[in-house]
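For reference, the structure discussed in these notes is given below.
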2 protein chains.
Amino acid sequence: MISKKMENMVANSSAIRAMFEEGNRLAGIYGAENVYDFSLGNPNVPAPETVKDAIRELLNEEDPVVLHGYTNSNAGYEDVRTAVAESLNAKFGTDFSAKNITMTVGAAGGLNVILKSLLNPGDEVIAFAPYFGEYRSYTNNYDGVLVEISPDTETFQPKLDEFEAKITAKTKAVIVNTPNNPTGVVYSEETIKKMAAIMEAKQKEFGTDIYLISDEPYRELAYDGVEVPYLTKYYANTVVGYSYSKSLSLPGERIGYLVIPNEAADSEKLIGAANVATRILGFVNAPTLQQKVVKKCLNEKTDISYYNRNRETLYHGLKELGFECIKPEGAFYLFVKSPVADEKEFCAAAKKYNILIVPGTSFACPGYVRLAYCVSYETIVNSLPKFAELAKEYK
Amino acid sequence: MISKKMENMVANSSAIRAMFEEGNRLAGIYGAENVYDFSLGNPNVPAPETVKDAIRELLNEEDPVVLHGYTNSNAGYEDVRTAVAESLNAKFGTDFSAKNITMTVGAAGGLNVILKSLLNPGDEVIAFAPYFGEYRSYTNNYDGVLVEISPDTETFQPKLDEFEAKITAKTKAVIVNTPNNPTGVVYSEETIKKMAAIMEAKQKEFGTDIYLISDEPYRELAYDGVEVPYLTKYYANTVVGYSYSKSLSLPGERIGYLVIPNEAADSEKLIGAANVATRILGFVNAPTLQQKVVKKCLNEKTDISYYNRNRETLYHGLKELGFECIKPEGAFYLFVKSPVADEKEFCAAAKKYNILIVPGTSFACPGYVRLAYCVSYETIVNSLPKFAELAKEYK
Ligand SMILES: Cc1ncc(COP(=O)(O)O)c(C=O)c1O
Ligand SMILES: Cc1ncc(COP(=O)(O)O)c(C=O)c1O
């Protein structure tokens, strides 16, 4: 009797649930320290100490009626939005003000808000495989159609020829996610410029507006000083979805924001629609205490040296064992080639060694597996001998 | 270029925005203390002191990686859900466990989650006018059709004859909201029993499942010891949407829960669907710190004596001035008959006295206006002479 649209999804999610329960079962038998769970993107670096300080200060300083109240605008507190805008302007030389910022329930909330604001049934949304599987659900929520660009498994950079060929008069949005989940790849400025040129030309060709949605929960997680271009500067019709889930290790608190620049097509209306969507989807406003917290922590960052050590150790460890993967430049994932075509078989084999990893099929890229290295360093170090045993099976 | 579905809604919401800005403009000219803003359901009683204590304790006691992390299940922390279930069982003699509880982003989030889980396009959702206008948007989000039962303006109790007549084979859900926004009415046990009997009979007649959705953000705001029946006890196919927005004055924090009892039709699947809906709508999980806060505050209540004083003063004050309205038994709203058929005209007249009130049309009940008395006592007292002047216009 549940919604038909949900039927399949429930079946699917039982599979994820089963995997999770399998992890718990293994931990019960072997002890949590002997299970190498690389399946979840849940940060293990604690939120910076300043988050705690910020919360304590807010409890002391702010009127609880305001601190915990509905915000006047569904977009959030004006002072918070101003602070976010100014911080972006200082970092990227942009020219945003409070009106361009809508505080959201994380990036997931923001993506739903912008897709609900934009999509008519049948509108197409382009994503580059491998991509965060939820994009398909978010698009489906508003009866949009997700159009996939096949992966370039050499570089995991976007295949621009195929991209150009697949843009149609129905293309309403293109989602990019850089640094990328699941590959860790960062799109270079050159790539972004080429994408922008293609989209500009296609907008002219079809007389349509094509929105570039930049999904950026991993913006601050970039290693070796790699630059992550700020996309509004390359393409006018860009909307940015940001999240503090990873940058401040606050994923459970559900806080992020959308940027809808004045330069975006129909900007005024789109901002209005984002407000309404925030309200009627039931978010109402982003959690208020956390809005004020992030205002106080705009210059904070998570400890990326922690993730970097994990990255180096896991990457080199696996390479030495003969596994194939490119070195991630950002985020906290490693996308490894499965030694057998059916990567689900490989995931099952890994489980025998208490190693939990996610099949690439979940990211529209079969033949690969994703390892989330936002785990303790000990997990990484202790997992390597297990990976060595696993590797032997495929020699 | 925004979604067609959103076009009208944006226009509409600009009207609300305009009203809000008018309030700000008046406050700017006359001083905030000389504006009598009864337009918003934003509680003015601060959250209980124990909320502050709970947050401080949690910061000291809990591992931040857990406290601020994604929860393992999209339904929320297991310990919180167990505590909620046990507290309901103790209060209402029910038999819930953690699996029956899904923590939500307020009642608004919960209603979206359950409607997404249930509705196929064209499915009908029944609501009794006057009702919270958002029900229409929430239903529309999932391409459902809101079916309205006309108001009984004598008692503002549900018109059960019309209800019975309007249930069809397409009726998927019925939303009730008691204590009610905007009338303050509480449905008696007798009413609930009659409704349940009608729904049971119709389920048999059509061979369908008809879910009763009990939207309960005002459950704890009941005056004079009036009983608010717990609906799962009267009708097996009931889902409860609760919220701490008003009971703990935490509306901005976005925390509440759904109860999906084992007795509900297709319970197992529906619980699974609610999990998936929580995830894919972008909520992911209810804000984690606030989940833990409400666990620590399950026996706390807001200071309803404050609202009660407002209720008595405003109700008697307006009655003495000749206004017609029934005495609310719960929530913090007064639903007053407009002295002229077009209540928007009345709202405009009120604005001349710096009184801001909401037209009944927003609740599918023209000819009435809603006053939210979750304001300071001074606002109530000082508004009465203004209402007196307003009343004179209609003598
Ligand atoms: C690419 C990507 N987008 C969006 C999200 C959602 O993040 P949140 O809603 O917590 O900000 C995630 C989370 O893992 C992600 O990996
Ligand atoms: C009847 C009713 N339902 C639901 C809500 C949403 O409340 P929340 O999402 O803050 O719990 C409200 C808020 O005013 C309401 O009046």
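We name chains A, B, ... by the order of the sequence lines, and we start the count at 1 in each one.
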query = Between B/L59, B/L40, B/D266, which shows the greatest number of heavy-atom pairs under 4.5 Å with chain A?
reply = B/L59
query = Which bit of A/D143 comes within less than 4.5 Å of chain B, counting heavy atoms only: side chain, backbone, both or neither?
reply = side chain
request  = For each of B/I255, B/L270, B/N285, tally heavy-atom pairs with chain A at distances under 4.5 Å, and name the one with the top tally.
outcome  = B/N285
query = With sequence neighbours excluded, what pairs up with A/S362 under the side chain to side chain donor-acceptor pair (under 3.5 Å) test?
reply = none
ask   = Most heavy-atom pairs under 4.5 angstrom with chain B, which of A/N74, A/V66, A/N112?
value = A/N112
ask   = Would you say B/M1 and A/Y211 make side-chain contact, with heavy atoms under 4.5 Å?
value = yes
task = Output the option from A/N120, A/V105, A/N140 having the highest count of non-hydrogen pairs under 4.5 Å with chain B.
result = A/N120
inquiry  = Does atom CD (B/E21) have a neighbourhood of more than 12 heavy atoms from anything else shown, all under 6.0 Å?
reply    = yes
inquiry  = Tell me which of these, A/A47, A/A108, A/G110, A/P251, has more heavy-atom pairs under 4.5 Å with chain B than the rest.
reply    = A/P251
request  = Would you mind telling me which of B/T71, B/N72, B/N24 has the largest number of heavy-atom pairs within less than 4.5 Å of chain A?
outcome  = B/N72
ask   = Rounded to the nearest 0.5 Å, how far apart are CG of A/L58 and CD1 of B/I55?
value = 9.5 Å
query = Can you say whether B/K116 sits under 4.5 Å from chain A via the side chain, the backbone, both, or neither, judging by heavy atoms?
reply = both
Per-residue contact mode, A/E253 against chain B (heavy atom under 4.5 angstrom) = both
ask   = What are the two closest heavy atoms between A/N141 and B/I280, and how far apart are they?
value = ND2-O, 2.9 Å
message = Using only atom types and a distance under 3.5 Å, with no angle test, would you say the side chain of B/N42 pairs donor to acceptor with the backbone of A/G69?
response = no
inquiry  = Would you say NZ of A/K170 has more than 12 non-hydrogen atoms from neighbouring residues, nucleotides or ligands within 6.0 angstrom?
reply    = no
message = What part of B/P64 gets within 4.5 angstrom of chain A, counting heavy atoms only: side chain, backbone, both, or neither?
response = side chain
query = Between B/A273, B/A277, B/S137, which residue shows the highest count of heavy-atom pairs closer than 4.5 Å to chain A?
reply = B/A273
query = Just wondering, do A/R56 and B/N60 contact through their side chains at under 4.5 Å, heavy atoms?
reply = yes
query = Can you tell me if B/N44 uses its side chain to pair, donor with acceptor, with the backbone of A/V65 under 3.5 Å?
reply = no
inquiry  = Can you confirm whether A/E78 is buried at CD, in the sense that more than 12 heavy atoms of other residues, nucleotides or ligands lie under 6.0 Å from that atom?
reply    = no
query = Looking at residues at least two apart in the chain, or sitting in another chain, which of them share a side chain to side chain donor-acceptor pair (under 3.5 Å) with A/E124?
reply = A/T168
query = Which answer fits A/L281, side chain, backbone, both or neither, if we ask what part of it has an atom under 4.5 Å from a heavy atom of chain B?
reply = both
remark   = Cut-off 4.5 Å, heavy atoms of chain A, and the answer for B/E7 is side chain
ask   = Looking at B/M9, B/Q290, B/K52, B/E134, which one has more heavy-atom pairs under 4.5 Å with chain A than the rest?
value = B/E134
ask   = Measuring heavy-atom distances to chain B, does A/K246 have an atom under 4.5 Å in its side chain, in its backbone, in both, or in neither?
value = side chain
query = Picking from A/S117, A/A107, A/G109, which has the most non-hydrogen pairs under 4.5 angstrom with chain B?
reply = A/S117
ask   = So which heavy atom on B/Y138 is nearest to which on A/R279, and how close?
value = CE2-O, 4.4 Å
message = Please classify the contact of A/S245 with chain B as side chain, backbone, both or neither, using a heavy-atom distance under 4.5 Å.
response = side chain
query = Can you tell which of A/K4, A/K269, A/R254, A/M6 has the highest number of heavy-atom pairs within less than 4.5 Å of chain B?
reply = A/R254
ask   = What part of B/V113 gets closer than 4.5 Å to chain A, counting heavy atoms only: side chain, backbone, both or neither?
value = neither
query = Given the options B/D63, B/L119, B/L111, which has more heavy-atom pairs under 4.5 Å with chain A than any of the others?
reply = B/L119
key: Residue pair A/S3 / B/L118, side-chain heavy-atom distance below 4.5 Å   = no
